[in-house]
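Notes follow once the structure below has been shown.
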Amino acid sequence: MTGGAGYIGSHTVVELLAQGHEVVVLDDLSNASAEALRRVGEIAGRDVELLEVDVTDEAAVLAALERARPEAVVHFAALKAVGESVEQPERYYRTNVGGTLNLVRAMDAVGCRTLVFSSSATVYGAATQMPLTEDSPLGATNPYGWTKFVVEQVLRDVAASDERWGVALLRYFNPVGAHPSGRIGEDPRGVPNNLVPFIAQVAVGRREQLTIFGDDFDTPDGTGVRDYIHVVDLAEGHVAALAKLAGGGADGDGGVRGAHAWNLGTGTGSSVRQVVAAFERASGREVPVRVAPRRAGDVATSYANPARARDELGWVARRSLDEMCEDTWRWQSGNPQGYAAS
Ligand code: UFG
């Protein structure tokens with residue numbers, strides 16, 4: 001697993017270990033913490049091997065795969081801040097696209113051609129027709145989004161060129177929440193870009209108030225609507241996709257080859273104000289808000305049609321918005337400074 005010490009990666013390691021898989025993590029720790037993996041080891045009852053590798057280092061990626069000899073790769077390692085990608089596009093393409101090319105070449109060299117890729121609903125660009133299905137038109141609105149769009153296309157082309165490849169393009173909606181143990185969770189560096197980590201830091205007293213980016217959208221309460229999905233549901237989606245590609249899917253058929261996109265979302269949208277209210281209930285804390293103008297590039301509404309993942313992977317998101325907030329709060333209140341204190 002690349003990026004396995006990060007937020008979604010660490011939760012996915014827990015679920016893979018619970019299913020009896022062996023996991024080797026490659027991570028450069030540029031936006032992740034070795035402490036997260038140590039705690040994953042605690043939760044799972046066994047240690048996880050960490051190889052400190054930067055995916056842009058082609059030789060290091062190959063050496064790591066030669067050591068790990070994986071049956072399959074789950075590829076999370078990437079940069080993900082939309083605003084930063086506008087300022088530093090070359091760095092985003094180098095890491096996200098170049099890193100994936102290095103990985104594909106190394107996988108081919110070691111004869112491993114089963115890949116689960118961390119894509120995003122961002123590949124639907126500025127689509128307005130909801131819910132989004134895997135056949136909705138693709139696009140992007142910023143360099144980060146284009147890197148996910150380009151990598152998906154690269155992987156479709158690779159899979160088309162050699163029938164031994166099996167690739168899952170998992171399009172995440174808005175991952176939030178934390179492991180129910182409260183031991184691992186999202187630990188953004190600097191000011192959080194995303195809604196739920198920001199709210200959590202307000203509730204715990206690290207920040208004064210939430211800024212709501214626009215309350216004049218064409219939505220029921222005027223604030224933006226998104227499809228929030230519990231990170232443990234998301235992690236289970238990766239296990240299901242891997243099983244499908246490896247031949248141990250819910251329907252027990254042979255391993256599926258070719259490239260396949262699956263939305264991982266709940267199918268239900270929640271507004272910013274609904275998330276704030278749910279978090280206040282979960283935490284028992286008030287979350288002060290102020291309303292500011294819209295953030296550049298934000299759409300009014302985005303939510304998934306998750307039927308394809310249900311039908312083909314046998315996977316559905318089961319956890320509610322309240323659970324997402326309760327689990328985030330358990331993590332944030334127990335670790336107010338994230339992993340830094342450890
Ligand atoms: N929001 C606020 N205040 C904040 C942060 C967010 O009001 O401080 C609002 C946003 O305007 C939006 C909603 O909360 O309506 C969710 O915003 P996030 O930044 O948490 O999530 P986005 O839907 O904007 O971002 C997600 C992924 C990105 C992806 C992007 C575009 O996190 O990886 O979708 O598809 F690129």
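Since this is a predicted model, take the numbers as computed values, not measurements. Residues: numbered from 1 along the sequence shown.
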Whichever hydrophobic residues join V225 through chains of side-chain contacts under 4.5 Å
none
Taking every heavy atom of L313 against every heavy atom of A240, the minimum-distance pair comes out as O-CB, 3.9 Å
May I ask you to check whether D221 and S271 show a side-chain donor-acceptor distance below 3.5 Å?
yes
Just by distance, do the side chain of T122 and the backbone of G145 share a donor-acceptor pair under 3.5 Å?
no
Is it the case that more than 12 heavy atoms not belonging to R257 sit under 6.0 Å from its CZ atom?
yes
Going by atom types only, do D327 and H230 share a side-chain donor-acceptor pair under 3.5 Å?
yes
I need the D108 CG to D162 CG distance, nearest 0.5 Å.
6.5 Å
Is there a side-chain contact between R69 and V110 in this structure, where contact means two heavy atoms from C-beta onward sitting under 4.5 Å apart?
yes
Is there side-chain contact between E326 and R281, with at least one heavy-atom pair below 4.5 Å?
no
Considering non-hydrogen atoms only, spot the tightest contact between A317 and T266 and give its length.
CB-CG2, 3.9 Å
Can you check whether W262 and F173 have ring centres sitting under 6.0 Å from each other?
no
State the CD-CZ distance between E286 and F279, to the nearest 0.5 angstrom.
14.0 Å
What I want to find out is whether E90 reaches R94 closely enough, with some N-O distance under 4.0 Å, to be called a salt bridge.
yes
Considering residues, nucleotides and ligands other than D218, do more than 12 of their heavy atoms fall under 6.0 Å from its CG?
no
If we only count heavy atoms from C-beta on, is the L155 to T100 side-chain gap below 4.5 Å?
yes
Please report the interatomic distance CG(D227) to CE(M130), rounded to the nearest 0.5 Å.
10.0 Å
Here the pair of heavy atoms bringing G265 nearest to A304 is CA-CB, 4.1 Å
Go through the side-chain N and O atoms of D28 and S30 and say whether any donor and acceptor fall under 3.5 Å apart.
yes
About how many Å separate CD of Q19 and CG of L242, when rounded to the nearest 0.5 Å?
10.5 Å
Determine the sole option in R39, R183, R330 for which the side chain to side chain donor-acceptor pair (under 3.5 Å) test with N335 is passed.
R39
Closest non-hydrogen contact found for L245 with G166 is CD1-O, 3.7 Å
Would you name the heavy atoms of S270 and L321 that are closest together and state the gap between them?
OG-CD2, 3.8 Å
Please test L26 against V55 for side chain to side chain contact (heavy atoms under 4.5 Å, CB included), starting from the C-alpha separation and ending with a verdict.
CA-CA 8 Å; L26 280 63; V55 286; 5.8 Å; no
Whether the Y172 and S118 side chains hold a donor-acceptor pair (N or O, under 3.5 Å, no angle test) is what I'd like checked.
yes
Shared hydrophobic cluster, V275 / V204 (ILVMFWY, side-chain heavy atoms < 4.5 Å):
yes
Count I, L, V, M, F, W, Y as connected when their side-chain heavy atoms are under 4.5 Å apart, and connections chain through other members. Are V74 and W165 then in the same cluster?
no
Is E84 paired with R189 through a side-chain N to carboxylate O contact shorter than 4.0 Å?
no
Are the side chains of F198 and V191 in contact, using a 4.5 Å heavy-atom criterion?
yes
Between R38 and D47, is there a side-chain N and carboxylate O pair less than 4.0 Å apart?
no
So among N96, L79, N142, which one has a side chain to side chain contact (heavy atoms under 4.5 Å, CB included) with S85?
N142
Are L50 and V61 connected, step by step, through hydrophobic side chains (Ile, Leu, Val, Met, Phe, Trp, Tyr) whose heavy atoms are closer than 4.5 Å?
no
More than 12 heavy atoms of other groups within 6.0 Å of E71 CD
no
Taking R318 first and then E323, would you say they form a salt bridge - that is, a charged N and a carboxylate O separated by under 4.0 Å?
no
Should the pair Y339 and W331 be assigned to parallel (<30°), tilted (30 to 60°) or perpendicular (>60°) ring geometry?
tilted
Donor-acceptor side-chain pairing of D322 and S320 below 3.5 angstrom
no
CZ (R206) with more than 12 external heavy atoms under 6.0 Å
yes
Close aromatic pair by centroid cut-off 6.0 Å: H11 and F76:
no
Would you say V289 ends up clustered with V176 if hydrophobic residues are merged whenever their side chains have heavy atoms under 4.5 Å apart, either directly or through other cluster members?
yes
Are there over 12 heavy-atom neighbours, none belonging to Q209, within less than 6.0 Å of that residue's CD?
yes
Flag the pair V40 / V23 as yes when at least one side-chain heavy-atom distance between them is below 4.5 Å, and no otherwise.
no
Can you tell me how far OH of Y303 sits from CG of L132, rounded to the nearest 0.5 angstrom?
9.0 Å
Is D298 salt-bridged to R295, going by a charged N under 4.0 Å from an acidic O?
yes
Is there a side-chain contact between L170 and L234 in this structure, where contact means two heavy atoms from C-beta onward sitting under 4.5 Å apart?
no
Residue pair V232 / P180, side-chain heavy-atom distance below 4.5 Å:
yes
One should read off an interatomic distance between I43 CD1 and R46 CZ, to the nearest 0.5 angstrom, of 13.5 Å
Between L16 and M1, is any pair of side-chain heavy atoms under 4.5 Å apart?
yes
Looking at E58 and R105, is any side-chain nitrogen of the basic one under 4.0 Å from a carboxylate oxygen of the acidic one?
yes
Do R171 and S119 meet the criterion of a side-chain donor-acceptor pair at a distance under 3.5 Å?
no
Hydrophobic cluster identity match, V151 and V116, side-chain contacts under 4.5 Å
no
